[in-house]
Amino acid sequence: MKRTFFSLLLIFVLSACSHNGSMETTNKQTSHGEDVDTVNEKPLQAEDIKLPASIFSSKKSNTLISEKEMKQSIKVYLDSSEDLYNASNQFEEKIDSDQKLNNKELEKFKQIKNLAKENDENFSNYISNNTLPKGYKENSKRISRYVMGINEFIDGLDQVIDDMVDEAGDDSIFDDKIDSYISGNSNISGREQKKIESFLDEKKIDTKAFGRKDKS
């Protein structure tokens, strides 16, 4: 029960600072090609959790990227990241309620984590190995750091939670652990998200990330 409490607390902290086409850059198809927007009223089943139809992928290198392509690349990356986050979160909720994942669920959870890592690496390589249009380099790197930071933050939750459960009797240690973990993840601050959203608005990039689907 203590682990569940700490899990919910850290997820709340994370939520507060994060979540509230015909071009040569391809959208890599996942093995499922399904929409992640599913509301489950029955107990979690692996087959109920849908993977995004694609993740970001590009083999381009040393290429001058057009603004049109860059906008689409950012959209694909952010949309697939959002879908993978939502899919992963359903498993995280089950884990944090002290429920065990069965073999099918573990396999799918691992697949989601691998896709998220691949998505991050593909976009990071793309913006590092090509010449981006004027006004896109700094903010594209900010987007990459932010999304990768979110994924790394989530991946580190279990170890931090386990450590805090072991030391739960000491409130000062608990506070230090929280402060240290959050301060070590400055790339996922609310300030960084606002900068990203301002950039998306300025460039008129339509994405479902950051709950923007409901705003459009």
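Keep in mind that what you see is a predicted model, and the values were worked out from it rather than measured. The residues of the chain are indexed from 1 along the displayed sequence.
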With rounding to the nearest 0.5 Å, note down the distance linking [atom1] in [X] to [atom2] in [Y].
{"X": "Glu82", "Y": "Ile150", "atom1": "CD", "atom2": "CD1", "result": "10.0 Å"}
{"X": "Lys60", "Y": "Thr131", "atom1": "NZ", "atom2": "OG1", "result": "11.5 Å"}
{"X": "Ile112", "Y": "Asn151", "atom1": "CD1", "atom2": "CG", "result": "11.5 Å"}
{"X": "Asn114", "Y": "Gln111", "atom1": "CG", "atom2": "CD", "result": "8.0 Å"}
{"X": "Leu84", "Y": "Lys117", "atom1": "CG", "atom2": "NZ", "result": "14.5 Å"}
{"X": "Ser81", "Y": "Ile55", "atom1": "OG", "atom2": "CD1", "result": "9.5 Å"}

* To do: Dump the intermediate steps for salt bridge (charged side-chain N to carboxylate O under 4.0 Å, His left out) on Lys108 and Glu105, then the final yes or no.
  => CA-CA 5 Å; Lys108 197 158 192 177; Glu105 291 167 344; over 6 Å; no
* To do: List in chain and number order the residues that pass side-chain contact (heavy atoms from CB on, under 4.5 Å) with Glu67, two or more places apart in sequence or in another chain; answer none if no residue qualifies.
  =>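 Lys71, Pro133, Tyr136, Lys203.
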* **Check: Ile74 and Thr207 side chains under 4.5 Å, non-hydrogen atoms** =>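 A side-chain contact under 4.5 Å is absent here.
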* **Flag side-chain contact, heavy atom, 4.5 Å: Leu78 against Val147** => yes
* To do: Could you tell me whether the side chain of Asn130 and the main chain of Ile65 form a donor-acceptor pair under 3.5 Å?
  =>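 The answer is no, because no donor-acceptor pair under 3.5 Å joins these two groups.
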* In terms of side-chain heavy atoms, does Asn119 have a donor or acceptor partner in Ser80 at a distance below 3.5 Å? -> yes
For [X] and [Y], work out which heavy atoms get closest and say how close.
{"X": "Ile127", "Y": "Ser144", "answer": "CD1-CB, 3.8 Å"}
{"X": "Leu132", "Y": "Met70", "answer": "CD2-SD, 3.7 Å"}
{"X": "Tyr126", "Y": "Ser73", "answer": "OH-OG, 3.0 Å"}

* To do: List for me each residue that meets ring-ring contact (aromatic ring centres under 6.0 Å, His included) alongside Phe123, sequence neighbours excluded, and say none if there are none.
  =>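 Phe123: ring-ring contact (aromatic ring centres under 6.0 Å, His included) contacts with Phe56, Tyr77.
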* Would Asp83 and Lys208 pass as an ion pair if we require N to O under 4.0 Å? ->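 Judged by the 4.0 Å cut-off on N to carboxylate O distance, Asp83 and Lys208 do form a salt bridge.
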* To do: Using a strict cut-off of less than 4.0 Å between a Lys/Arg side-chain nitrogen and an Asp/Glu carboxylate oxygen, indicate whether Glu107 and Lys110 qualify as a salt bridge.
  =>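 No, no charged N to carboxylate O under 4.0 Å.
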* Structure fact -> By side-chain hydrogen bond (donor to acceptor under 3.5 Å, both in side chains), Asp201 pairs with (sequence neighbours left out) Arg212
* Step by step, would you call Phe210 with Leu200 a side chain to side chain contact (heavy atoms under 4.5 Å, CB included)? -> CA-CA 11 Å; Phe210 314 119; Leu200 296 174; 4.0 Å; yes
